[in-house]
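The next block holds one structure in the form of structure tokens; read it before the comments.
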There are 2 protein chains.
Amino acid sequence: MNPTIKDVAQRAGVSVGTVSRVLAKNKTVSEDIRAKVEATIDAIGYRPNILGRSLRLAKTDIIGLVVPDITNPFFAELAKQVEMLASAEGYSVLLANTHDDPDAEKQQIETLLGRLPAGLILVPVSNSLADGLASRTRTVTVDRPLSGHALVSVDNRQGGYLAADHLLSLGHRRLGYISGPGTTEVSGERRGGFVQRLAEFRKSHPGDYVPPQIVEGHFDYRSGEELGKQLLTQPEKSRPTAIATASDQQAIGLLRAADDMGLRVPNDLSIVGFDDIPLASLVLPRLTTIRQPIDEIARLALEGVLGSHALQEEYKLQPMLMKRGSCAAPSTP
Amino acid sequence: MNPTIKDVAQRAGVSVGTVSRVLAKNKTVSEDIRAKVEATIDAIGYRPNILGRSLRLAKTDIIGLVVPDITNPFFAELAKQVEMLASAEGYSVLLANTHDDPDAEKQQIETLLGRLPAGLILVPVSNSLADGLASRTRTVTVDRPLSGHALVSVDNRQGGYLAADHLLSLGHRRLGYISGPGTTEVSGERRGGFVQRLAEFRKSHPGDYVPPQIVEGHFDYRSGEELGKQLLTQPEKSRPTAIATASDQQAIGLLRAADDMGLRVPNDLSIVGFDDIPLASLVLPRLTTIRQPIDEIARLALEGVLGSHALQEEYKLQPMLMKRGSCAAPSTP
DNA sequence: AACCACCAATGAAACGTTTCATCGCATGTG
DNA sequence: CACATGCGATGAAACGTTTCATTGGTGGTT
């Protein structure tokens, strides 16, 4: 068996309480005793049993991280950042996937909470989790809102707006938009921003306005490819010259669809993605996209969960247009 | 405060021991008492405190998963599979990144072990971890070996062999190979298999043999791009007509390099990747690659960690050649 | 010299479980 | 009818901490 604090105490000839106070750096212990205790501690290779500690303190150093799918590069990056910051503070990260399934989500959160985490960082899938489920610990929501909880996210509306703005300013008029699932608020906001910019354009240039073609699917590669094909199989004069998407994965799928149909990006088709996952700048052509500051998101989320002061209700970070190679002015035949 | 087992016992008019035995399904309790206890349990919303339980049992339901970088699609997929299987068995997964840094690895494992996990699934970075560090719990190593521990991995040598074999059989003679870091055993084996097939070819077709051009770097996109450029900036007659890589990420970087230099894949250059990450089949052209059966790897690793019977020392799974669009016969001008 | 204040260390209780030895009681046996 | 046999339930100990009320001792003040 591992040595316990009792062994240390006995061998050092002090009480367990004293050893405990040596361990808690900030307590007051006489110098010689502290030295002796510390000596025996690494003499017998004692390491505190975190379970005893947690039980006594009624809380752990564990942070629950619940994401739809760790395979999604955006969430992988989030997980990485959260884990980095957390472990720097001495916390560990418990990972759970929900697979975009509300039941699985409920189940996962349930067992996570059973482990009495110090806090929960949650990318919710259902927008109304069974009553205070997540209220049993400090919870911060990321990316998607959940009523009654602090939210850290990018200003999705602004992101959609930026995408439309960029394309319009390049001279595109026939725009397409590949949206995420209609059920998620994120999708709605991104699309909303996109549409809003177009509405403004309509006001200022009534003659030039063309209503956007909007299709809807999932956030993944495949959906981007399929919906892309759908948008692009039209006679050239009605086919969009530029398409914005709700995720980089969709955009990359779209890239593939365009190529399949013999369209060159950006010559024949401009594309704007969303997220700025690492792959976005490695794909061909490099993807122009709306960047989410993930590191900042992770930082704020963790701060909200661990910090002593309550996090403000909603933390909207500003997205940023990353101009790369997938956009150009429309070719004017 | 949350209700404890004592509250249940009191309210149900039985002893705590009895409640405990009700909770442990397989113990013997009279029917009426069981009913009464169960009734009060969800009357007062009691849920067992896992900390008390773990302390008593001196072990947790947590599995540590230590990977170099969760952002790497291969590890993300591994994490997903492990988490799925683990949560189905009632275990949770604690995630840690080592960033390919031996010191960080040591640190991470150290704190993970402090949490008394039921087991550890480890993708080691240093090939000799400080003496029995990982021996303090059931540990299974994945992807890369670590002396003294069970290993689940693909037969990397066979993978390299398959890649070379495929390219040779298409008619390629001037082959290139983009390897992973020379320090890792995986790299060595994949490359070894590749070279071995070429050596065999040399025996059988002495006249046709051309020594492969091998370069070495990291497993990531960027490395693939850089090393690719390096291999491809040669006069056409010495430039490889086909390149195999040690990871799909490298292959995708290479795809990019090739395009930058005006080479068409597979017309001017054939490429074989390694891993078969989801992206491999979505990139343009679809990547021919050596598939690792990740689900199988995850399953075996978890089994090794949780199963009662000792896992055999080494579990080598067979890789599989996935023929897609990035390979063709060399153009013979 | 007596007293007070203070500091360092102690001992025990408490956190919420599981388990094991014990006990009471009903049932069946001699 | 006395007695063994089991079975179901109990009570207490134990897991490894932290913390809090006590205690013992030292130095300073009157």
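Chain letters run A, B, ... following the sequence lines, proteins first and then strands; every chain starts at 1. Bear in mind that the values here come from a model prediction, so they are computed numbers and not experimental data.
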Whole Å only: how far is the [atom1] atom of [X] from the [atom2] atom of [N]?
X: Asp61(B); N: dT17(C); atom1: CG; atom2: P; value: 14 Å
X: Lys6(B); N: dA13(C); atom1: NZ; atom2: C1'; value: 11 Å
X: Arg21(A); N: dT10(C); atom1: CZ; atom2: P; value: 8 Å
X: Asp32(A); N: dG25(D); atom1: CG; atom2: P; value: 16 Å
X: Arg115(A); N: dG16(C); atom1: CZ; atom2: C1'; value: 16 Å
X: Arg53(B); N: dT17(D); atom1: CZ; atom2: C1'; value: 20 Å
X: Ile5(B); N: dC15(D); atom1: CD1; atom2: C1'; value: 15 Å
X: Gln10(B); N: dT17(C); atom1: CD; atom2: P; value: 14 Å

Other residues, nucleotides, ligands: >12 heavy atoms within 6.0 Å of Gln10(A) CD: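 Counting neighbours around CD of Gln10(A), 12 or fewer heavy atoms of other residues, nucleotides or ligands fall under 6.0 Å, so no.
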
Enclosure of Tyr315(B) OH (heavy-atom neighbours >12, cutoff 6.0 Å):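 At most 12 heavy atoms, drawn from other residues, nucleotides or ligands, come within 6.0 Å of this atom.
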
Out of [options], which nucleotide sits closest to the side chain of [X]?
X: Lys27(A); options: dT17(C), dA9(C), dT19(D); answer: dT19(D)
X: Ser15(B); options: dT10(D), dT17(D), dT17(C); answer: dT10(D)
X: Thr18(A); options: dT10(D), dA9(C), dT17(C); answer: dA9(C)
X: Ser30(A); options: dT10(D), dA9(C), dA12(C); answer: dA9(C)
X: Asn49(B); options: dA12(C), dT17(C), dA8(C); answer: dT17(C)

Considering every strand and a 4.0 Å limit on heavy-atom distances, what is the contact class for [X]: base, sugar-phosphate, or nothing?
X: Ile50(A); answer: nothing
X: Arg47(A); answer: sugar-phosphate
X: Leu23(B); answer: nothing
X: Ser20(A); answer: base
X: Leu55(B); answer: base

Verdict with supporting geometry, Arg136(A) and Glu110(A), salt bridge (Lys or Arg N to Asp or Glu O under 4.0 Å): CA-CA 10 Å; Arg136(A) 276 163 39 206; Glu110(A) 191 70 54; 3.5 Å; yes

Comparing Val16(A) and Ile33(A) on DNA chain C - which has the more 5′ nearest nucleotide: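 Mapping each residue to its closest nucleotide by heavy atoms, the 5'-most match is Ile33(A).
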
Between Gln108(A) and Glu83(B): side-chain donor-acceptor atoms closer than 3.5 Å: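 Glu83(B) and Gln108(A) do have a side-chain donor-acceptor pair below 3.5 Å.
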
Closest-nucleotide ordering on DNA chain D, the 5'-leading residue of Asn2(A) and Thr28(B):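 Result of the comparison: Thr28(B).
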
Rounded distance [0.5 Å steps], CZ in Arg138(A) versus CG in Leu120(A):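 Between atom CZ of Arg138(A) and atom CG of Leu120(A) there are 12.0 Å.
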
